[in-house]
Protein chains: 2
Amino acid sequence: MFSKACTYAIKAMILIKSCNEDKKCSLQEIAKGINSPSAFTAKILQQLRKKGLLVSTIGAKGGFQIPPKKQICLLEIVEAIDGKGLIESCVLGLKKCSSLNPCPVHEKYQNIKNEMLKFMMESSLEDYTEKIKNRTITLK
Amino acid sequence: MFSKACTYAIKAMILIKSCNEDKKCSLQEIAKGINSPSAFTAKILQQLRKKGLLVSTIGAKGGFQIPPKKQICLLEIVEAIDGKGLIESCVLGLKKCSSLNPCPVHEKYQNIKNEMLKFMMESSLEDYTEKIKNRTITLK
DNA sequence: TGTAATTCGGATAATTTTATCCGAATTACA
DNA sequence: TGTAATTCGGATAAAATTATCCGAATTACA
């Protein structure tokens, strides 16, 4: 469904959002907080930054933050890391699949695509910060 | 969502089902019919055979068939190639994710899992053979 | 002003997935 | 009975994904 890189990205973003408000979140805190390999995670954070989903500050006491006032949903994160394929491509990999030239599952799969789209658009980072703090959900 | 191998498997099985009834379907026919690399496809067909989803006959005029009288749904094919991960594993990759110890999306993702499960269980190979013959759906 | 903490980016390595090659065995049939 | 068509399985290669390493640059702060 999602690449491993993408699952790291989602978890990292949720963690950063919930640790922010006041402070920045360092790579090491993130990697520990989501149980991911830190060097690999660093690459992913850079991708997110370049897409504008994160801001970073270099140097001692530096770290990552969700851009202030920006509201981010899961879809943006998924698209930033895995691209639009999940939503836009044929699930059977056909280049020319469309409603005029459908693959076998084209029609039935629309429902699932729509469900996924709804799910990813409706889930925004702040939805989770309370629960992370309460420890009613986990990231590792 | 599905591995490339799995998409080949699904398309191959649909093709074999629709070409069978009478005759066997050779590797070359399959690879052409679904536009896949034939040597790689051969490996996948072997996996399907070992899981009992295909039978094969060796030698000239040999080929592959869906086991007579056996009804096969997409879920069986997906599980045979990609394993049960899609349905059973946490979508964020957490080893210990459960309703007691949920990841952030655990609950909302249940809906999608259920939709996917329903979709894959309800779609069986014979559903497509008519449409393949009519050419109202395509495999490449 | 020096040092430690940190992000950044390039290079490389390991692992997994996808793909190719080839020789052996089997079978239909001319 | 010989040959062509075919499946089968092992070995290898290529490509993509995941992961590690390291040196450079920046910054806080003692």
(request) With side-chain contact (heavy atoms from CB on, under 4.5 Å) as the test, would you mind laying out the steps for A:Phe119 and B:Asn111 before giving the verdict? (result) CA-CA 9 Å; A:Phe119 157 60; B:Asn111 299 326; over 6 Å; no
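Mapped onto DNA chain C by nearest heavy atom, B:Thr57 and A:Ser26 fall at different nucleotides, with A:Ser26 at the one closer to the 5' end. In terms of position on DNA chain C, the residue among A:Lys43 and B:Tyr8 whose nearest nucleotide sits closer to the 5' end is A:Lys43.
OP1 or OP2 of C:dT7 has not a single side-chain nitrogen or oxygen of A:Arg49 nearer than 4.0 Å. Close to D:dA19, at under 4.0 Å from its OP1 or OP2, lies a side-chain N or O of A:Lys4.
Summary of helix geometry: the two end axes of the helix from C:dT1-D:dA30 to C:dA30-D:dT1, each defined by five base pairs via their C1' atoms, are inclined to each other by 10° (rounded to 10°).
With C:dT18, C:dC21, C:dT27 as the choices, the nucleotide that has an atom nearest any side-chain atom of B:Ser3 turns out to be C:dT18. The side chain of A:Ala5 has D:dT18 as its nearest neighbour among C:dC8, D:dA4, D:dT18. Relative to the side chain of B:Lys50, the nucleotides D:dC21, D:dG9, D:dT18 differ in distance, and D:dG9 lies closest. Of the candidates D:dT18, D:dA19, D:dA28, the closest approach to any side-chain atom of A:Pro37 belongs to D:dA19. Nearest nucleotide to the B:Gln46 side chain, out of D:dC21, C:dT20, D:dT7: D:dT7. For A:Ser56, the listed nucleotide lying nearest its side chain is C:dT7; candidates were D:dT7, C:dG10, C:dT7. Of the candidates D:dC29, D:dA5, D:dA19, the closest approach to any side-chain atom of A:Lys61 belongs to D:dC29.
Within 4.0 Å of A:Ala42, counting heavy atoms only, lies no atom of the nucleic acid at all. Among the heavy atoms of the strands lying under 4.0 Å from A:Leu27 are primed sugar atoms or P, OP1, OP2 only; no base atom is included.
A:Asn35 contributes no side-chain N or O that, together with a main-chain N or O of A:Lys140, makes up a donor-acceptor pair within less than 3.5 Å. Remark: side-chain polar atoms of B:Ser18 are paired, donor with acceptor, to backbone N or O of B:Leu15 under 3.5 angstrom.
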